[in-house]
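Proteins get letters first, then strands, A, B, ... in listed order; numbering begins at 1 in each. All of these numbers come straight from a predicted model, not from anything done at the bench.
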2 protein chains.
Amino acid sequence: MTIQRADTKQKILRAAYELFYRQGISRVSVDAIAARAGVTKRTVYYHFASKDEIAGGVLDVQHLLLMQQFEGWVGGVSGGVTEILSALFDKLEAWSERPDWLGSGFSRIAAELADMPGHPARQAAKRHKGAVEAWLAERLGDAGAMAPEQLARQVMVLIEGAMGLALIHNDRGYITAAGHAARSVAQVNTPTG
Amino acid sequence: MTIQRADTKQKILRAAYELFYRQGISRVSVDAIAARAGVTKRTVYYHFASKDEIAGGVLDVQHLLLMQQFEGWVGGVSGGVTEILSALFDKLEAWSERPDWLGSGFSRIAAELADMPGHPARQAAKRHKGAVEAWLAERLGDAGAMAPEQLARQVMVLIEGAMGLALIHNDRGYITAAGHAARSVAQVNTPTG
DNA sequence: GTTCGTCGTCTCACTGGTGAGTATACTTTA
DNA sequence: TAAAGTATACTCACCAGTGAGACGACGAAC
């Protein structure tokens, strides 16, 4: 039955996401995914051709969810560039307070698979980061930034670095610092007024 | 013989470094390390108690090498904050041009082991990043930065993010952008003059 | 409206291979 | 000869992926 099928597949994807986010791809076995989803491994391989395909599926779902997340965080902000950046980094900081927070799953998987540029999960990470940057550039442009693409790229670097160092040091102060830096960069980037 | 012993141990560490840097820890087997070092696995386990201990040893060596690297890059720069930051990001960009470049090994291993804060390699990464930040703060303070610790932290975020995104997108433009951002941040941070 | 065959979905049990780590014995050198 | 260092050959657990078939729903035949 179609409904049953979709349900099982979603269960597998959810289980895989939880495990992949915590442990990365290499250290998670398909057996573990199956066990967490409450099905047998053979069922997993009925729905997915390979472990890599599961990873690809997980990241596709996450990409959609995260774009909604960003839109929800910043979509309603009505001020200028500074207000957008403040809102963005505040939300990032709040997100990082969650007890199960382990940084950006996309970045961590890209780091894990650094030597495999063609891996589906690497490609998904690249597409995701590119989409976020483009979305941010548009938001910043609408808010009156002078060189929105350039500013968006610098802000992306700050987000990426803040997540990485907050994780390494288990210190959210890096996100605060990145927020300050983002506003400094925007200030230099903006016609004085 | 002590010399022989040290020699074999160094060979193992070098082989392990090359494999770990490329593939991370999980995907590298002790068999592979032994093969690359030209010894048997039993010999590896004579010199190291476990795979984790090999990883820790590798990162300890890398930490020393990288601190020398940074000192070599920036130690001779005699200008102010802007000159130091320019030199730093120029060197980072040049480093990233190397064909076998795969970002910061410390960051990538920290990402891989995100769920294991007590792992020796995680601890080593944390110590390393902390040491670099402290060193940078000192350099920036000597060069006349107003709030060197704060600036160093922001620059660390930019370095971290630049490495991460340059790797994901295979685009060194992120390092250039980070360099510009660093100088913007420093400019805001500095008494006008 | 009951039997039958088919299809989508799922399980059990397995393969071939690799993982970390080790028991034991041989070699070299002081 | 005693100790350090290396090798052969192994244990046991786990891995990605598969072969063969069981279960239940559903339409067709009668």
Q. In terms of side-chain heavy atoms of B:Y46, which of C:dT9, D:dG5, D:dG17 is nearest?
A. D:dG5
Q: Write down the distance between CG (B:D52) and P (C:dG19), rounded to a whole number of angstrom.
A: 16 Å
Q: Could I get the full list of salt bridge (charged side-chain N to carboxylate O under 4.0 Å, His left out) partners for B:R14, not counting sequence neighbours?
A: none
I'd like a table of atom pairs between the protein and nucleotides 12-15 of chain D - only N or O on both sides, under 3.5 Å - with the distance next to each one.
residue : atom : partner : partner atom : Å
D:dC15  : OP1  : A:S29   : OG           : 3.4

Q: Would you indicate whether the side-chain heavy atoms of A:I54 and A:Y17 approach each other to under 4.5 Å?
A: no
Q: Taking only the side-chain heavy atoms of B:R42 (C-beta and beyond), determine which of C:dT11, C:dA20, C:dT24 contains the nearest atom.
A: C:dT24
Expected list for residues 83-98 of chain B: side-chain donor-acceptor pairs under 3.5 angstrom, two or more places apart:
residue : atom : partner : partner atom : Å
B:E83   : OE1  : B:G80   : N            : 2.8
B:S86   : OG   : B:T82   : O            : 3.0
B:S86   : OG   : B:R183  : NH1          : 3.1
B:E93   : OE1  : B:T176  : OG1          : 3.3
B:E93   : OE2  : B:T176  : OG1          : 3.1
B:S96   : OG   : B:E93   : O            : 2.7

Q.
Given D:dG17, C:dG21, C:dT11, identify the nucleotide with an atom nearest to the side chain of A:T43.
A. C:dT11
(Q) Would you call the rings of B:H128 and B:F106 parallel, tilted or perpendicular, taking 30° and 60° as the class edges? (A) parallel
Q: Considering just the side-chain nitrogens and oxygens of B:H47, establish if one lies under 4.0 Å of OP1 or OP2 belonging to D:dT6.
A: yes
Q | Rounded distance in Å - NZ (A:K9) to C1' (C:dC10) | A | 15 Å
(Q) If the cut-off is 4.0 Å, is A:T8 near the phosphate of C:dC10, judged by side-chain N/O to OP1 or OP2? (A) yes
Q) Just by modelled atom types, is the B:A49 backbone N or O under 3.5 Å from a matching donor or acceptor in the B:E53 side chain? A) yes
Q: State plainly whether one hydrophobic cluster holds both A:L65 and A:I12, where clusters connect Ile, Leu, Val, Met, Phe, Trp and Tyr through side-chain heavy atoms under 4.5 angstrom apart.
A: yes
Q. Which of these nucleotides, D:dT6, C:dA20, C:dT11, is closest to any side-chain atom of B:T40?
A. D:dT6
Q) Nearest-Å distance, OH (A:Y45) to C1' (C:dC12)? A) 17 Å
